[in-house]
**Q** 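First the structure, then my questions, so here it is.
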Protein chains: 2
Amino acid sequence: MSIREVATRAGVSPATVSRVFTRPDAVAPDTRDRVLAVAQELRYTPHPVARSLARRRTGNLGIVVPDIANSFSAVVTKAVQQEAARDGYALFVSGSDERAQDEEQWARAMAPQVDGLMLVSPLMSDEALRELADIPLVLSNRLLDALPAVVTDASDAVGHAVEHLHALGHREIVYLAGPDGFANTMRLRGYHGACRRLGVRPRELGPFNARFADGVRAADLVLATSATAVVAYNDEVAVGVLNRLADRGLRVPDDLSVVGVDDTSLAEMVTPRLTTVRLPAAESGRVGVRILLDLIDRRPAPAEPVRLAAELIVRSSTGPVRHGE
Amino acid sequence: MSIREVATRAGVSPATVSRVFTRPDAVAPDTRDRVLAVAQELRYTPHPVARSLARRRTGNLGIVVPDIANSFSAVVTKAVQQEAARDGYALFVSGSDERAQDEEQWARAMAPQVDGLMLVSPLMSDEALRELADIPLVLSNRLLDALPAVVTDASDAVGHAVEHLHALGHREIVYLAGPDGFANTMRLRGYHGACRRLGVRPRELGPFNARFADGVRAADLVLATSATAVVAYNDEVAVGVLNRLADRGLRVPDDLSVVGVDDTSLAEMVTPRLTTVRLPAAESGRVGVRILLDLIDRRPAPAEPVRLAAELIVRSSTGPVRHGE
DNA sequence: ATGAAAGCGCTAACAT
DNA sequence: ATGTTAGCGCTTTCAT
């Protein structure tokens with residue numbers, strides 16, 4: 001209805017109006033100006049839904065994350081939205097709340113109305129993932145077949161954390177495992193590798209949920225051992241440990257050294273400031289979008305998963321082992 | 001192309017297939033089953049874009065928040081997404097990064113492809129807001145004309161915070177102002193009201209950005225006064241204060257009592273746990289969605305802005321004023 | 001450089 | 001209960 005209004009008012013055909021908004025230089029300067037003037041006057045703007053149908057392109061991207069309110073997910077989402085916006089793409093967002101079923105359902109619902117889909121730490125079955133891949137799809141922190149993926153490899157940096165603690169004199173370093181999955185596997189690999197190299201006996205506790213409350217709970221379990229240092233699955237768990245330690249009147253790092261993973265903003269806000277492994281959350285979002293855009297425009301996507309490195313950030317929650325120990 | 005495939009394979013007209021997916025009981029049970037069987041076999045599902053165009057309904061909602069990665073925004077967004085999902089709506093999300101221009105641009109871009117739009121703490125001009133209101137629109141923490149709105153009224157609870165501090169013996173209570181806007185105005189109102197009632201001389205510092213770093217900076221300014229207690233614009237600022245105080249070797253609440261606003265998850269994670277005003281973030285998101293859905297279905301929306309109350313949560317960052325003072 | 005016509009995939013009267 | 005017929009608003013050959 002609307003492109004026709006503009007067309008008649010400007011004394012041209014709808015096709016010409018369409019051209020003005022798609023390939024402006026395919027139309028004569030004066031008619032273009034005339035059309036533009038009418039469009040402006042009528043506040044006309046091409047209807048995106050009709051456009052999507054005709055073009056078979058929506059101009060939208062979608063992302064499904066484990067938890068929108070989780071600060072790590074939020075940082076990824078923000079970066080994805082910003083990067084997508086640079087190319088004029090709008091973004092659908094949804095959270096799975098860690099339920100594989102909801103996740104799959106959302107992904108399926110989004111698929112037909114987006115040009116590309118990013119799945120962050122997806123839980124769904126390999127089969128479900130493969131079926132979704134008939135549209136441009138990129139996985140974050142999950143590997144499957146040759147599907148495009150961006151993964152954050154924390155293993156080296158977690159290894160550095162262990163070395164760091166070892167250099168401070170720690171010999172009993174416990175790892176607080178998180179929920180089973182790619183992230184935990186990588187951390188564990190780094191932990192075990194470093195322990196082996198350094199001759200430290202590895203010791204795992206957990207698995208815990210990746211939550212503050214679980215960190216609080218974990219603290220007492222750690223204190224029941226002879227450990228002098230702990231590497232937690234993520235910052236939130238680490239901060240839970242910190243909190244419980246403070247309640248029990250223990251001092252960090254004097255009584256126990258604590259390391260987190262993520263380097264969310266939380267890490268710098270707590271007392272003492274948290275030594276942690278920085279994960280390139282925003283970068284992984286940006287890389288994901290770029291892969292998607294390549295796929296959409298039929299440019300080649302990276303054949304191998306893009307591996308992003310993490311780095312150890314030393315702050316005040318780690319220190320020399322206490323002499324008395 | 002696709003509904004027709006199903007139609008011919010099932011030996012019915014496209015209209016019947018359409019009915020099966022829209023008003024299933026308007027079609028005979030056996031034909032319905034037949035159609036469903038074919039659809040399943042062909043993995044057919046109605047194309048949402050085509051459907052949107054024909055129905056003049058997208059089944060999508062949109063939200064624009066100041067900052068996706070901000071934990072308050074993230075909680076609102078999460079609640080909105082979940083509430084929208086219950087009614088089968090998908091959600092577009094975008095962040096303005098506090099730039100009025102981007103905010104307006106995003107809102108305009110979303111408008112034609114959503115059935116309703118929620119704007120959280122919008123910065124754009126009244127004029128721009130009015131123009132957007134030709135589709136169902138709900139404002140959060142902004143009032144304009146008779147536009148549907150949900151506002152979080154922190155004034156009473158901030159007043160309670162001041163009373164709480166007064167009861168603990170504090171007589172010099174400073175308020176750390178945030179960026180100018182609805183939220184700051186409400187907090188200020190509560191602060192001034194309580195000061196007046198209690199005969200406390202109000203004292204404002206700032207305005208500060210609502211950030212950790214600004215809280216750190218604010219701490220020293222507070223210490224340069226004779227204040228014994230501080231009410232910060234939000235939790236992040238309050239935690240910044242906490243952090244700087246710890247660095248300067250001062251104890252909370254012994255040397256200074258600190259109150260935040262928001263009750264983000266951060267509040268319980270820091271040491272000492274933060275006394276704060278709890279804002280019903282998730283609730284405001286849910287209410288916003290419900291208003292939108294009412295508007296969409298032409299049910300009456302609340303004539304007055306929905307006011308959500310805040311409440312003071314007392315934790316460990318506030319205590320009796322020190323005797324020596 | 002511009003227009004006519006067909007079609008993107010679906011829904012919604014209106015008939016039957 | 002089902003089919004026919006027009007669109008929804010735009011893009012895109014194909015002509016001219």
**Q** For D115(A) and T58(A), does a side-chain donor sit closer than 3.5 Å to a side-chain acceptor?
**A**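 There is such a pair between these side chains.
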**Q** Tell me, do T77(B) and V65(B) make a side-chain contact under 4.5 Å, heavy atoms counted?
**A**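 Yes, at least one pair of side-chain atoms sits under 4.5 Å.
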**Q** Go nucleotide by nucleotide along DNA chain D from the 5' end; which of R55(A) and T16(B) gets its closest nucleotide reached first?
**A**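 Checking each residue's closest nucleotide, the 5'-ward one belongs to T16(B).
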**Q** Can you find a donor-acceptor pair, distance only, under 3.5 Å between R56(B) side chain and dG7(D) base?
**A**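 Answer is no: no donor-acceptor pair is held.
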**Q** In terms of side-chain heavy atoms of A54(A), which of dA1(D), dG9(C), dC10(D) is nearest?
**A**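 Between dA1(D), dG9(C), dC10(D), the one nearest the side chain of A54(A) would be dC10(D).
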**Q** To the nearest Å, how far apart are R19(B) CZ and dC14(C) P?
**A**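 After rounding, the gap between these two atoms is 14 Å.
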**Q** Rounded to the nearest Å, what distance is computed from the CD1 atom of residue I3(A) to the P atom of nucleotide dT12(D)?
**A**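 Whole-Å distance recorded here is 11 Å.
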**Q** Is there side-chain contact between I63(B) and V76(B), with at least one heavy-atom pair below 4.5 Å?
**A**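 Of all side-chain heavy-atom pairs linking V76(B) with I63(B), at least one is under 4.5 Å.
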**Q** Grab the CZ-C1' distance between R23(A) and dG3(C) for me, whole Å please.
**A**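 Atom CZ in R23(A) sits about 14 Å away from atom C1' in dG3(C).
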**Q** If you only use heavy atoms from C-beta on, which nucleotide in dA4(C), dG3(D), dC10(D) is closest to the side chain of V12(B)?
**A**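 The listed nucleotide nearest to V12(B)'s side chain is dG3(D).
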**Q** Using atom CZ of R51(B) as one end and atom C1' of dA12(C) as the other, report the distance to the nearest whole Å.
**A**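 The answer, rounded to whole Å, is 13 Å.
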**Q** Regarding A28(B), tell me which of base, sugar-phosphate or nothing describes its non-hydrogen contacts under 4.0 Å with the strands shown.
**A**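 Result for A28(B) = sugar-phosphate.
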**Q** In whole angstrom, give the distance that lies between atom CZ of F21(B) and atom P of dG9(C).
**A**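 About 16 Å, once rounded to whole Å.
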**Q** How many Å lie between CD on Q113(A) and C1' on dC10(C), as a whole number?
**A**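 My rounded result for the distance is 14 Å.
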**Q** Heavy atoms under 4.0 Å, any strand shown: does S52(A) hit a base, just sugar-phosphate, or nothing?
**A**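 Counting heavy atoms under 4.0 Å across all strands, no contact is made by S52(A).
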**Q** Once you round it to whole Å, what is the distance between C1' of dC8(C) and CG of L53(A)?
**A**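 From L53(A) CG to dC8(C) C1': 4 Å.
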**Q** At under 4.0 Å, does any side-chain N or O of R4(A) touch on OP1 or OP2 of dC8(D)?
**A**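 Checking R4(A) against dC8(D): at least one side-chain N or O falls below 4.0 Å of OP1 or OP2.
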**Q** Distance check: side-chain N/O of T31(A) vs OP1/OP2 of dT2(C), anything under 4.0 Å?
**A**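 Answer yes for this pair, as a side-chain N or O of T31(A) is under 4.0 Å from OP1 or OP2.
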**Q** Starting from the 5' end of DNA chain D, give me the residue, S13(B) or A50(B), whose nearest nucleotide shows up first.
**A**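 Its nearest nucleotide lies further toward 5', so the answer is S13(B).
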**Q** Just so I know, are the side chains of Y89(B) and I296(B) near enough to count as touching, which here means a heavy-atom distance under 4.5 Å?
**A**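 Answer yes - side chains close enough.
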**Q** Nearest-Å distance, NE2 (H47(B)) to C1' (dC8(D))?
**A**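 To the nearest whole Å, that distance equals 14 Å.
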**Q** Near R34(A) CZ, under 6.0 Å, is it more than 12 heavy atoms from other residues, nucleotides or ligands?
**A**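 Atom CZ in R34(A) is crowded, with more than 12 foreign heavy atoms closer than 6.0 Å.
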